[in-house]
Amino acid sequence: MPNPGISRRTVLAVAGAGTALAATGLATAPAAHAAAAPTLPNGTSADKVLVVGMDGLRHDRIDAANAPALKSLMANGTYGRSLLYANPMAATSSGPGWSTISTGVWPDKHGVKDNTFAGKNYAQYPGFLARLAQVRPQLSLFAAVDWPELDTHGTVTPGADAKLVYDNDYVVNDALITDLTEQVLRHQNPDVLFVYFGETDEIGHNHGAASQKYLDAIAVQDAYLGRLLAAIEARPTRAAERWTVIVTTDHGHTDAGGHGGSAIEERRTFVLAQGPGIAAGARPIDTRLVDVAATVFRQLGIVPDPSWGLDGKPVQERTTDPFDTLQPSLAGRVDETAVPAGVLGFTHTPPSGWSVINGAMGTGGVSEWRGWAFATDEFWSRSQRDQWRELNVRARGVFAVADSDEWADRSFSGTYDSTLVTPAYPVSGASSVTLAFTTLYRQEGAQTARILASFNGGTPTVVKSYTADVLSRSQTVTVPVPAGASSVGFRFHYTGSNNWYWTVDGVTVTTS
């Protein structure tokens, strides 16, 4: 298994079955019928990670497929489902999707908005293999893809000690990638591998995600995954190794086939992970697609530098957001006919210690949005597509939302006027207190959004006002603590009249 004579960052295999791509390294791959795995430098880590990307795999179709490997990982690992952005942040296309997975940041950072890759910012936000090559150059890194754009644009393969890059004849090259990766796993000693399969996306385009052919494609890819898992278990050094396996996808598909738009089916993604410290059978509501890279780093014992600017977190790390405690009490639709009856995703009951003041709220309107509500991404974004609700990517799980636009979709009188009130937080002895949260805010007309602070239960004073759009950003507000103050509470006060909306999530309060 060891290959001590191999120098680092010098081995490359590039090919296409039938038509070879131009080689960009020291070695060109042989013809498909005689393909041999590239030789990797000998790995150095007992902690090892295999990331398998399945393009265009809609997770809600897995249950109906013959997919024992995926279902075993679901039973024995953590399976977090979530939704993508949509335009204008980025299309639900492969370029933005794989960039998000590889870099661990959202498209407003990595810069890829569609499959042209125009605006890519991999220099500041490199893929996780490139990052590993920087911080742990002794690791043995491998990549295999048959959507060559992932190589030519530098999305996934930079940093790999050896890579396989094939053209997009997926029915042929997914199988070949499996053959060669299986050889690498059985006979060499890699530390981190990224393996891409594309047939599910191809079949989704040609036959639709509701077709039997799509289920058949899932079954084929599941068998490939099963072979890779078996190869890991067959390793002679397996008993001394700690393997993590992560499976993910870049976007979903419509039933009829296709993606790129804002439909829920196109936005469906998942992160499925099994390995040390990752809970078996967990179904977290706070997982996002950016979490793949952060999970790779965690499983290798690497603490990301804050300067990396990662948006993700490890899949086993839960948020402490009080809004997520509301998940068991989420209800189905009342007035929102655009939301399917089976989707449980909103409540007006705040978390313990929080409150909502609706004393100045108008009457009537859509029940779900009468005053601050607490909702999931799927429920809220289904209420009305293509008004940028899909951009709320930095919220996780359940978040707070004030939406005068949706409230006004039924007969109402008066003005939308609602205040979300936090618990009181201790500040004794502190010189300042900092409120941190994530927000998506759209400004229109005379709408107002203000944050107020109240010390020792006194009169609230305005500490921040919004007058322009804030498109899914982390925010902080630091306020001096008056002499003698022992507690502080914050208020999010929103008013509007058929204007836009304001979301708040991940609220934390710290003192200096």
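Quantities reported herein were computed from a predicted structural model and do not represent experimental measurements.
- A salt bridge does not link Arg58 to Glu266: none of the charged nitrogens lies less than 4.0 Å from a carboxylate oxygen.
- With hydrogens and angles disregarded, a donor-acceptor distance shorter than 3.5 Å links the side chain of Asn115 to the backbone of Gly95.
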When you look at Arg473 and Asp108, which way does the salt bridge (charged side-chain N to carboxylate O under 4.0 Å, His left out) test go after all the steps? CA-CA 10 Å; Arg473 297 288 182 184; Asp108 57 358; 3.8 Å; yes
Is there a salt bridge (charged side-chain N to carboxylate O under 4.0 Å, His left out) between Asp291 and Arg396 once you walk through the steps? CA-CA 12 Å; Asp291 294 345; Arg396 292 176 179 265; 2.8 Å; yes
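- Just one of Thr287, Val247, Val271 meets the side chain to side chain contact (heavy atoms under 4.5 Å, CB included) condition when paired with Val292; it is Val271.
- A salt bridge does not link Asp505 to Arg394: none of the charged side-chain nitrogens sits closer than 4.0 Å to a carboxylate oxygen.
- In this structure, the side chains of Asp403 and Trp500 stay at 4.5 Å or more apart for every pair of heavy atoms.
- In this structure, Arg81 does not pair ionically with Glu378, as no charged nitrogen and carboxylate oxygen lie closer than 4.0 Å.
- To the nearest 0.5 Å, the span separating CZ on Phe346 from CZ on Phe374 amounts to 11.5 Å.
- Cation-pi geometry between Arg131 and Trp308 is satisfied (NZ or CZ under 6.0 Å from the ring centre, within 45° of the ring normal).
- In this structure, His110 and Ser102 have side chains that are not in contact, with every pair of non-hydrogen atoms separated by 4.5 Å or more.
- His259 contributes no side-chain N or O that, together with a main-chain N or O of His253, makes up a donor-acceptor pair within less than 3.5 Å.
- Panel note: side chain Thr103, backbone Ser99; a donor-acceptor pair is recorded below 3.5 Å.
- No donor-acceptor distance shorter than 3.5 angstrom exists from the side chain of Thr244 to the backbone of Gln299, with no hydrogens or angles considered.
- Of the options Phe490, Trp354, Phe399, a side chain to side chain contact (heavy atoms under 4.5 Å, CB included) to Val507 is made by Trp354 and by none of the others.
- In this structure, Asp377 pairs ionically with Arg288, as a charged nitrogen and a carboxylate oxygen lie closer than 4.0 Å.
- Here the rule is ring pair (Phe, Tyr, Trp, His ring centres under 6.0 Å) with Tyr224, and of Tyr170, Tyr196, Phe197 only Phe197 fits it.
- Inter-residue side-chain proximity for Leu272 and Met74 is flagged as met; some heavy-atom pair is nearer than 4.5 Å.
- Between the Trp372 side chain and the His348 main chain, no donor and acceptor come within less than 3.5 Å of each other.
- Interatomic distance, Asp250 CG to Leu289 CG, rounded to the nearest 0.5 Å: 8.0 Å.
- Annotation: cation-pi pair Arg442/Trp388 present, NZ/CZ under 6.0 Å from the ring centroid and within 45° of its normal.
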